[in-house]
Every structure is written in structure tokens, then in C-alpha cells.
Protein chains: 2
Amino acid sequence: MKIRNMEQFAAASGISRPTVSKYFNDPESVRKSTRERIEAALEKFDYRPNFYAMNQNRRLTKNIGVVVANLADPFFAEISRNIEQLIVEAGFRPILVSSHGSPEEEADALDSLRSIKPAGVLLGPLGRTSDSEAVRAFCNDVPTVLFDSDIEGAGEAFVGSDNDQSIGLIVDYLCRTGEPPAFFEMDQPPNPNAFKRRNAYLAAMDRLGHAPNLVQVPGEGWDFEEIGFREGTRLMSENALPTNTVLCSNDRLAIGFLSAAYELGKKVGLGSDCVLRVAGHDDHPFSRYTCPSLTTVAQDYRAIADTATRKILNIIETGEREEGRKTHLFDGKLVMRGSA
Amino acid sequence: MKIRNMEQFAAASGISRPTVSKYFNDPESVRKSTRERIEAALEKFDYRPNFYAMNQNRRLTKNIGVVVANLADPFFAEISRNIEQLIVEAGFRPILVSSHGSPEEEADALDSLRSIKPAGVLLGPLGRTSDSEAVRAFCNDVPTVLFDSDIEGAGEAFVGSDNDQSIGLIVDYLCRTGEPPAFFEMDQPPNPNAFKRRNAYLAAMDRLGHAPNLVQVPGEGWDFEEIGFREGTRLMSENALPTNTVLCSNDRLAIGFLSAAYELGKKVGLGSDCVLRVAGHDDHPFSRYTCPSLTTVAQDYRAIADTATRKILNIIETGEREEGRKTHLFDGKLVMRGSA
DNA sequence: GATTTTCTTTTACGCCCGTAAAGATTTGAA
DNA sequence: TTCAAATCTTTACGGGCGTAAAAGAAAATC
């Protein structure tokens with residue numbers, strides 16, 4: 001016999017439909033003996049409630065939107081993998097969407113999520129280029145927790161890395177072990193972390209009593225490796241680098257920069273035959289395999305994913321939009337490899 | 001005034017509800033003047049039909065599932081980006097799910113997609129490790145087009161790369177310009193393309209009258225870079241490479257291998273000071289930035305995404321499950337860079 | 001202008017399930 | 001055993017929309 005709807009399934013399991021409905025909403029909400037009878041029937045008939053009918057009249061669906069700036073960036077791929085897993089474990093359903101680096105797509109994604117009535121949303125926004133009005137409007141309607149990039153006043157909370165701490169860490173390290181670093185970055189970075197990191201660099205250099213060296217190269221958009229390669233090539237072939245130590249604003253820039261150094265025959269690393277030290281920030285999954293392997297600061301992916309997810313689940317379950325927007329920042333860890 | 005449902009929106013636009021419903025199902029299905037009136041009202045009231053109510057009674061939803069083996073792999077990230085875009089342009093809604101390299105998650109993903117009643121699914125399966133019974137069962141219920149990895153007898157069609165052609169191309173090139181290559185691969189690759197490539201290598205070498213050299217290193221799972229690095233290090237430090245030219249089964253293995261060569265001080269490339277040539281396969285987004293940059297064969301991402309998407313859209317629109325499962329294979333293009 | 005064709009309106013029903021309220025039953029503690 | 005609390009059943013309604021059929025209106029054809 002083929003079960004067609006909850007009515008029939010309820011009959012087959014010998015439980016009333018409202019109770020079965022309650023079970024599917026939250027298995028713990030029914031008595032143990034009832035739960036067992038339903039689960040026994042489930043084994044026999046493999047029925048699943050109609051997804052659409054189920055969500056139509058629910059005050060809150062069991063869907064949680066996950067919007068990331070750019071899935072092609074392994075950082076976001078990795079963090080959304082963690083988040084998805086946690087959401088599933090909590091009995092919710094993740095809906096993963098990428099903005100592909102475009103503000104319009106980000107706004108579209110939020111708009112489109114709205115029609116799915118998610119119980120909550122985890123948003124890793126574009127940042128500087130986001131349509132911040134649209135984002136704030138969305139956050140007013142749907143409980144949202146931001147991660148990675150902050151947008152002022154948007155969402156219930158922000159979870160990210162403490163750029164002051166992490167940049168401080170690597171600047172300390174670089175200064176301690178050689179020439180103080182110059183800071184290599186794009187002049188128009190899409191991501192607000194870039195600004196925080198720049199300021200953190202300036203502060204750290206100041207604290208250590210060194211004159212800062214900002215190297216701001218023309219560049220916008222998300223093709224970081226390309227920009228790092230192109231501008232690195234230009235700077236090095238013009239001998240325009242102010243120091244022999246370069247701290248890149250993120251690992252993807254550093255990956256391009258290292259590639260440029262290799263092509264130009266400039267040996268990077270710590271050995272006596274090396275002319276350059278290069279460091280990055282993020283511990284991008286590929287940075288272990290650059291040549292030489294990249295010294296960097298690891299962001300605590302798991303802690304970020306974990307905290308952001310717990311935060312949104314808590315808001316959903318208590319129904320309380322917390323008062324006072326909170327910010328959770330995690331420390332980075334120094335990852336010493338061959339490049340600096 | 002706030003529009004709460006289609007009834008109210010229909011009233012506000014001066015059109016009957018069934019016609020409005022028809023419009024949302026397919027804007028082209030109503031008269032132009034009617035369409036214009038509805039769209040004028042849309043500007044004023046920004047109403048959107050309830051996603052759940054909308055899909056509940058439709059024979060076919062406007063959702064298309066996109067399931068990929070591993071979103072953390074930039075190949076899948078890139079191809080799913082293309083697919084998503086094409087689906088949106090066609091007026092459908094993509095639902096992106098990653099299996100994260102796990103057969104259980106793949107089966108779960110399909111199961112979970114089923115309850116969403118997708119009009120069709122584009123599946124880039126794990127391949128060898130897939131639960132092929134579950135996949136075939138799914139394909140029986142839901143029109144599915146496979147891409148990247150094939151599973152025999154599953155789905156309406158398969159779209160991928162012609163490994164015979166692409167491997168032939170690079171083997172030809174390598175033989176023409178130096179010592180014939182050895183083929184570097186894992187002994188337990190998760191992906192069936194690996195087997196096809198191995199056979200293509202054997203055939204190409206045979207055709208050119210060279211003795212083949214298979215280097216099968218212990219390795220399973222998806223940590224290709226790690227395996228390439230570890231086993232590359234081992235082989236090179238033991239001087240166990242049979243030739244000075246290595247063709248890796250895919251770019252990610254090559255990335256690890258190149259990193260290992262660098263660490264060991266073995267110069268890779270074409271110069272007279274180089275002791276090794278290394279090539280890959282796929283044109284992975286990162287392969288431009290390896291040291292030296294990686295010579296490889298580019299898969300035609302766009303053509304694969306395009307064909308697979310058009311295929312599923314066609315099946316959906318005509319309602320015909322084509323008879324006779326078709327296979328579409330695209331040629332690779334040689335990408336000559338520094339490593340070989 | 002008459003006729004055919006195409007599109008729209010009206011009316012009505014059903015999809016599958018969430019939810020509410022009231023009464024019946026079970027459970028667990030006093 | 002008694003009684004209150006927890007849980008379940010029954011009954012009933014409604015959500016927002018797809019869809020079908022019949023009748024009406026508009027556009028296209030001649």
C-alpha cells in the first residue's frame with residue numbers, strides 16, 4: 001500500500017493526524033510510546049510529509065538560509081560546509097546561496113529567500129559593496145546573523161575574526177624575525193576586513209615603533225590571485241618594494257604574489273639565499289601548497305561557523321531578537337611555514 | 001496598502017486571480033496588454049506569490065536541484081556557478097546541494113530533494129563511491145542529467161569531458177617535446193574519470209609506440225593535494241620516478257606534486273636547469289598560480305554546464321524522457337604553461 | 001460587420017497540512 | 001485510590017494557490 005498523505009499515514013500508524021503532525025514538527029514533543037509507534041510505521045511505509053503543505057501554514061519554517069559572498073572562494077566553501085552540517089544536526093534545513101561577488105545577486109538572493117520564509121538567515125555579506133540598505137531592511141524582517149564581513153547595524157549579531165589580534169600577531173612575528181613588513185593590499189578592496197586589517201597593521205607598526213609602509217595597488221573585485229600576481233610582478237620588476245618583507249592583506253593575494261616572485265626568480269623564504277619574505281592572512285586551504293608554503297594567520301573557521309549557527313538557532317528557538325547587537329571576534333593562530 | 005495574497009493582488013491590478021496565477025506560471029502565456037497591467041501593478045505593490053502554496057498543487061515545480069560531489073573543490077564551485085546562472089535565466093530556481101565527498105550525504109541529498117519535487121536534477125555524482133542503486137532509483141522518479149562523473153545507466157544523459165581526447169592531447173604534446181610521461185595517480189581514486197584517464201593514457205602511449213609507466217600511489221578520498229604532496233615527496237626522495245616527465249591524473253594532485261618538488265629543490269619546467277616536467281588535467285582555477293604555472297588540459301566548463309542545463313530544461317519543457325541515454329563529451333584544450 | 005479564435009472572468013473545488021478548542025484518555029505522583 | 005497534569009483524539013477551519021469548466025469578452029480573420 002502506498003501512503004499518499006499524512007491522513008493515511010496517521011491511520012496506518014494508529015495515531016491521530018494532529019499528533020503525527022506534532023511529531024514531524026518536533027519528535028520530542030510527543031510521548032515516548034507514541035513516538036515509537038510512529039517510528040515503527042515510518043519504517044514500514046517510508047512516508048514523508050509534503051514539504052510545501054508543511055511549510056505553508058507554519059508560523060516558522062524549519063529552513064535556515066545561508067548566504068555567502070562567493071562560493072568559489074574556498075574560505076566560504078569551507079565555512080558554509082561547517083555551517084550546513086551544524087544546521088542539519090539541529091534538525092533544520094540549510095538553503096545555501098552564493099552572491100557570486102555581485103551586490104545585485106546578493107540583494108536578489110535575500111529577496112528570494114524571503115519568499116521561503118526562513119526561520120533565520122546566516123549571512124556572510126559582500127561587505128563594502130553590499131546594498132547595505134537592502135540588507136538592513138531584510139534583517140528587520142528576518143532574524144539574521146552576520147559573519148565574516150560586518151555591515152553596521154545589520155542583523156542580530158556579528159561573528160568574525162579579530163583582525164587587530166591576528167594582524168598584530170603576524171606583524172609581531174615578522175618584526176621579531178626580520179625586517180618589519182610592508183602591507184600589500186588593493187586600493188579598492190571589496191571586503192571591509194581589508195580596512196580593519198590595514199588599520200590593525202598601522203596600529204601594530206606604531207606600537208612596535210616602526211614606520212608603516214602601505215603598498216596599495218590598483219585593484220577591485222574578487223580576482224585576488226590575479227591582482228596579487230599582476231601587481232606583484234609590476235612592483236618587483238620595478239624594484240618598487242619598500243622592504244624585503246611583505247604582509248599581504250589575505251592569502252589569495254599572497255598566492256598571486258608568490259607566483260609572481262617565482263616567475264621573476266626572486267627566492268622567497270627564510271634561507272640565506274632568499275631575498276624576500278611573504279606572509280598572508282586566513283590560512284586558505286591552498287596556502288599549504290604554495291611555493292614556498294605560505295606563512296599566515298589561521299582564521300578559526302570552526303569557531304566562527306559554530307558560534308554563528310548557535311546564535312541563530314538560539315534566536316529561533318527562544319523567539320527573542322536579542323537586544324543590543326553583539327559582536328563575537330575570534331583570535332587567529334599563527335601558522336608558520338616556509339615563506340616568512 | 002499591503003498585499004497579502006494573490007487574491008488581493010489580482011484585485012489591485014484589475015485582473016482575475018486565475019489569470020494572475022497563469023502569469024506567474026509563465027508570463028508569456030497571457031496577452032501582452034494583460035501582462036503589462038500585471039507588471040505595472042507589480043511595480044506598485046511588490047507582491048510575490050507564496051512559494052509554498054504555489055508549489056503545493058503544481059504538477060511540476062519550477063525548482064531544479066543541482067547536486068555536486070564537493071563544493072569545496074573549485075571545479076565544482078565553478079561549474080555550479082555556471083549552471084545556477086543558466087537555470088535562473090530560464091526562469092527556474094536552482095537548489096544547490098553538496099555531497100561533501102560522502103556517499104551517505106549524496107543519498108541524503110537526493111532523498112531530501114525528492115520531497116521538494118524538483119522538475120529536474122543536475123547531478124555531478126561522487127562516481128565510484130556513489131550508492132549507484134540509490135542514484136538509479138532516484139533517476140527513475142525524477143528526470144536527471146549527470147555531469148562530470150558517469151554512473152552507468154543512471155539519468156537521461158551524461159555530459160562530461162572526453163578523456164580519451166584530452167589525455168591523448170597532452171600525452172602527444174609531452175612526447176613530442178621531451179621524454180614520454182609517466183602517469184601519476186591514486187590507487188583508489190574516488191572518481192571514475194580517473195579510470196578513463198588511465199586507460200586513455202595507456203592507449204595514447206601505445207599508439208605512439210612508447211612503453212607506459214603507471215605510478216599508482218596509495219591514496220583514497222578527496223584530499224588530492226595532500227596525496228600529491230605526500231606521495232610526490234616520497235617518490236622523489238627515493239628517486240623512484242621512472243621518467244623525468246609526470247602527467248598527473250588531475251590538477252589537484254599536480255598542485256601537491258609541484259609543491260613537493262619545490263620543497264625538495266627539484267626544479268620543474270622546461271629550462272635547461274630543470275630536472276622534471278609536470279602536467280595536470282582540468283585547468284583548475286588555481287593552476288595558473290602554481291610554481292611554475294601548471295601545463296594542463298582545460299575542461300570546457302562552460303560547454304558542460306551549458307549542455308547539461310539545456311538538456312534538463314528540454315526534458316522538463318517537452319515532458320519527454322528521451323529514449324536512449326545519450327552521452328555528450330567535450331574536447332579539452334591544451335593549456336601550455338611553465339611546468340611542461 | 002460577422003465569425004472564428006484566443007484570451008479572460010467567474011465559480012468552484014481540492015491540495016496537504018498547521019492549528020485551535022474541547023473533550024477523552026493516559027500518566028504519574030500524592 | 002484519587003486527582004491533576006500531560007497527552008491524545010475529534011472536529012473543524014483556513015491558508016494560498018493550482019486547476020478545471022463554463023460563460024463571457026476581446027482580438028484576429030475574413
Side-chain angles (χ1 to χ4, degrees), chain A residues 2-42 45-63 91 93 114-119 316 319, chain B residues 2-42 45-63 91 93 114-119 316 319:
Chain A
K2 185 83 181 170
I3 301 281
R4 322 201 98 268
N5 56 34
M6 196 181 279
E7 186 96 38
Q8 290 181 20
F9 176 75
S13 61
I15 305 283
S16 73
R17 192 180 66 74
T19 303
V20 171
S21 169
K22 208 158 168 254
Y23 167 85
F24 279 111
N25 205 346
D26 176 11
E28 298 299 313
S29 70
V30 303
R31 191 159 45 208
K32 190 167 160 229
S33 60
T34 313
R35 186 161 58 245
E36 278 162 0
R37 285 169 70 192
I38 293 177
E39 274 158 6
L42 270 180
F45 299 105
D46 89 320
Y47 158 79
R48 296 184 64 157
N50 180 302
F51 175 78
Y52 298 105
M54 190 168 129
N55 285 300
Q56 171 162 22
N57 295 325
R58 253 218 255 281
R59 307 193 189 296
L60 237 43
T61 66
K62 289 266 180 186
N63 304 319
R93 182 192 196 100
R114 216 193 284 261
S115 71
I116 283 176
K117 296 189 204 158
I316 291 169
Chain B
K2 185 82 183 168
I3 302 283
R4 322 201 99 266
N5 55 35
M6 196 180 278
E7 186 96 39
Q8 290 181 19
F9 176 75
S13 61
I15 306 283
S16 74
R17 190 180 66 74
T19 303
V20 171
S21 168
K22 209 158 167 253
Y23 167 86
F24 279 111
N25 205 346
D26 176 10
E28 298 299 314
S29 70
V30 303
R31 195 165 33 212
K32 191 170 157 223
S33 60
T34 314
R35 185 161 59 244
E36 279 161 1
R37 286 168 69 192
I38 293 176
E39 274 157 7
L42 270 179
F45 300 105
D46 89 319
Y47 158 78
R48 296 185 66 157
N50 180 304
F51 175 77
Y52 299 105
M54 189 169 131
N55 286 299
Q56 171 163 24
N57 297 324
R58 253 217 254 283
R59 307 192 189 298
L60 236 43
T61 66
K62 289 265 179 185
N63 303 320
R93 182 192 196 100
R114 214 194 286 262
S115 72
I116 283 177
K117 294 189 202 158
I316 291 169

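Nothing here was measured: the structure is a model prediction, and the numbers come from that model. Chain identifiers are assigned alphabetically (A, B, ...) following the order of the sequence lines, protein sequences preceding nucleic acid strands; residue numbering begins at 1 within each chain.
Between the side chain of B/Lys117 and the backbone N or O of B/Thr61, no donor-acceptor pair lies under 3.5 Å. Checked by atom type and distance alone, the side chain of B/Arg93 never pairs as donor or acceptor with a backbone atom of B/Lys62 at under 3.5 Å. Judged purely by atom type and a 3.5 angstrom limit, B/Arg35 uses its side chain to pair as donor or acceptor with the backbone of B/Val30. The closest donor-acceptor contact from the side chain of A/Asn55 to the backbone of A/Phe51 lies under 3.5 Å. Checking side-chain atoms of B/Tyr52 against main-chain N and O of A/Ile116 turns up a donor-acceptor pair under 3.5 Å. Remark: the backbone N or O of B/Gly14 is paired with a side-chain donor or acceptor of B/Arg37 at under 3.5 angstrom.
Closest of all the heavy-atom pairs between B/Met54 and B/Pro49 is SD-CB, 3.8 Å.
For A/Arg58 and B/Thr34, each mapped to the nucleotide of DNA chain C holding its nearest heavy atom, the one lying further toward the 5' end belongs to B/Thr34. Mapping B/Lys22 and A/Lys22 onto DNA chain D by nearest heavy atom places A/Lys22 closer to the 5' end of the strand. Comparing A/Phe24 and A/Ser33 along DNA chain C, the residue whose closest nucleotide (by nearest heavy atom) sits nearer the 5' end is A/Phe24.
For B/Asn5 and D/dG16, the shortest distance from a side-chain N or O to OP1 or OP2 is below 4.0 Å.
Spacing between atom CD of A/Glu28 and atom C1' of D/dA6 amounts to 16 Å, rounded to whole angstrom units. Remark: P of D/dG16 and CD1 of B/Ile3 are 13 Å apart, rounded to the nearest angstrom. Rounded to whole Å, the distance from CE on B/Met6 to P on D/dT19 is 11 Å.
Comparing atom distances between the A/Arg31 side chain and each of D/dG15, D/dC8, D/dC17 picks out D/dC8 as nearest.
Contact annotation: side chain of B/Arg17 to base of D/dG18, donor-acceptor pair present below 3.5 Å.
Residue B/Arg4 holds its CZ atom at 11.5 Å from CG of B/Asn50, rounded to the nearest 0.5 Å.
Chain B approaches DNA chain C over the interval C/dC7 to C/dC16, counting the first and last nucleotide 5' to 3' with an atom under 4.0 Å from its heavy atoms.
Of the residues in residues 48-56 of chain B, those with a non-hydrogen atom less than 4.0 angstrom from any atom of DNA chain D are B/Pro49, B/Asn50, B/Ala53, B/Met54, B/Gln56.
The aromatic rings of B/Tyr47 and B/Phe9 lie parallel to each other, with less than 30° between the two planes, well short of the 60° mark.
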